[in-house]
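Basis for what follows: all heavy atoms, side chains included, without hydrogens, waters or symmetry-related copies. Letters A, B, ... are given to chains in the order of the sequence lines, protein chains preceding strands, and every chain is numbered from 1.
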Protein chains: 2
Amino acid sequence: MNESKKISKKERILDTAEELFAQHGFDGVTIRQIAGQAEVDVALASYHFGKKRDLFDAVFLRRAEILNEERLEALLRCQATSGSAGPTVEQIIEAFLRPLEMEQESGDPGWKNYLALVAYINNSPVWGKELMSKHFDPLVARFIEALKKALPNANDEQIYWCYNYLSGALTLTFAQTGRIDKLSKGLCHSIDFKTAYDHMIPFVTAGFHRVCGQAEE
Amino acid sequence: MNESKKISKKERILDTAEELFAQHGFDGVTIRQIAGQAEVDVALASYHFGKKRDLFDAVFLRRAEILNEERLEALLRCQATSGSAGPTVEQIIEAFLRPLEMEQESGDPGWKNYLALVAYINNSPVWGKELMSKHFDPLVARFIEALKKALPNANDEQIYWCYNYLSGALTLTFAQTGRIDKLSKGLCHSIDFKTAYDHMIPFVTAGFHRVCGQAEE
DNA sequence: GACAAAATTCAACAATTGTTGAAAACTAGG
DNA sequence: CCTAGTTTTCAACAATTGTTGAATTTTGTC
């Protein structure tokens with residue numbers, strides 16, 4: 001077995017499906033397109049993953065678990081370094097966002113596709129609730145608990161709404177539509193995640209503080 | 001002609017297409033589904049609108065023009081009432097968001113569907129750039145000009161990134177996925193646009209001020 | 001190298017897709 | 001009522017869809 005260059009056909013199907021689903025959505029992609037671009041027989045996708053929907057789920061789940069682990073680590077790490085008062089809002093937001101940046105800027109282009117897929121799912125009235133709630137919200141709940149501690153004056157409603165805005169700002173960045181490139185006449189670039197997160201962190205941190213009635217220290 | 005209750009079949013196709021496209025995206029809907037739900041023959045959609053893509057464009061354009069007019073009015077109005085210094089950031093954001101709230105809370109349920117469709121389009125790597133840039137960004141550019149005046153310390157890059165976050169937070173709200181309902185255990189409701197905008201306005205206002213290096217007065 | 005299991009290909013299926021041309025029904029004005 | 005124009009229906013088309021069962025090849029184990 002040549003383990004250095006060989007990527008199994010099963011993985012190639014996942015990678016291609018990831019890319020195409022992210023670009024065109026579930027219904028905008030055919031199994032034949034996936035198989036064609038992956039240079040694989042049409043029937044092989046069904047053999048490995050079953051129905052089309054099962055393939056979609058497999059693509060979504062593959063990196064969701066990795067992402068959750070990294071985010072959890074980041075949260076625990078910033079909770080460990082901060083005192084008994086717990087981490088600040090900004091530190092929590094950092095822990096929430098930076099793992100994404102790392103993955104997106106890593107060599108693996110699959111992560112860019114994957115997060116674009118998350119953008120598609122999060123904004124979908126059909127799957128937004130189902131998939132995101134099931135696989136991301138258990139961890140999100142832990143981040144929100146930390147935020148509550150950092151914002152003692154806030155009521156829960158305010159925190160959840162603010163998280164919603166954070167989620168929206170984040171997923172639109174994932175989507176990489178290139179709209180901001182055009183609007184800013186080339187000044188900003190959708191693919192420049194580092195800059196996107198650098199601005200996003202103070203933006204949402206200030207938003208949380210303002211809405212949740214807690215002046216920034 | 002009974003003009004009170006009669007809605008033409010052509011309009012019924014538009015309304016139904018609006019609802020279904022918003023829920024399932026362009027590729028997730030068939031002409032037959034639209035025709036079926038609109039109680040209309042399949043061929044009638046082609047007769048009135050041509051290709052499927054043309055119908056999609058017609059749905060998108062119908063309310064885009066109305067929305068642009070109302071938003072422009074709101075901007076001009078707040079610019080007129082403010083002095084020569086121009087409106088504050090918060091006033092500009094208000095002018096940007098409130099017309100949406102009005103429409104969404106109006107009796108016409110089509111507006112809710114339409115804005116969910118905008119959410120889908122804005123987050124789509126395929127259409128996000130094309131449709132949004134063409135039909136919304138000319139007006140967005142005017143709002144950004146006003147924001148630049150209200151934030152003299154900001155550089156353009158910061159402003160465009162902040163607008164991107166605003167756009168993301170806004171469109172996720174449009175999408176009405178119901179995820180926040182579940183996450184907050186019934187405390188927040190996706191359909192409650194009034195509350196969504198009430199929280200969003202101070203959230204993004206504070207974000208703009210923080211990123212663009214201008215303390216709030 | 002035989003052999004069982006896994007992986008892969010081939011061919012085909014019924015169902016559904018967008019679209020169209022011709023026929024039919026409706027509408028309005030003379 | 002006649003007629004011209006618009007709207008609506010009907011029927012059908014070629015193409016594409018997801019999926020499957022059987023056949024074939026590859027893989028790993030003794």
Note to self: Please confirm whether the shortest side-chain N or O distance from A:H48 to OP1 or OP2 of C:dA6 is below 4.0 Å.
What the structure shows: no
Next item on the list: If a protein heavy atom is under 4.0 Å from the base, mark B; if only from the sugar-phosphate, S; if neither, -; do that for nucleotides 10-25 of chain D going 5' to 3'.
Entry: B-B----BBBB-----
Next item on the list: Decide, yes or no, whether a salt bridge links B:R63 with B:E18 under the criterion of side-chain N to carboxylate O below 4.0 Å.
Entry: yes
Notebook entry, point to check: Salt-bridged, A:K148 to A:E145, with N to O below 4.0 Å?
Noted result: yes
Note to self: Just the rounded figure in Å: distance from P of C:dA6 to NZ of A:K9.
What the structure shows: 18 Å
Notebook entry, point to check: Rounded to the Å, how far apart are B:E11 CD and D:dT8 C1'?
Noted result: 17 Å
Checklist line | B:T171 side chain near B:F174 side chain, heavy-atom distance below 4.5 Å | finding: yes
Notebook entry, point to check: Any chance CZ of A:R98 has more than 12 other-residue heavy atoms, nucleotides or ligands included, within less than 6.0 Å?
Noted result: yes
Note to self: Under the criterion ring pair (Phe, Tyr, Trp, His ring centres under 6.0 Å), I'd like the reasoning laid out for A:F21 against A:Y120: C-alpha separation, chi angles, the key distance, then a yes or no.
What the structure shows: CA-CA 9 Å; A:F21 280 143; A:Y120 162 76; 8.5 Å; no
Margin query: Closer than 3.5 angstrom, by distance alone: can the side chain of B:Q176 be matched with the main-chain N or O of B:A116 as a donor-acceptor pair?
Written below: no
Margin query: If I take atom CG in residue B:L44 and atom P in nucleotide C:dA24, what distance separates them, rounded to the nearest angstrom?
Written below: 18 Å
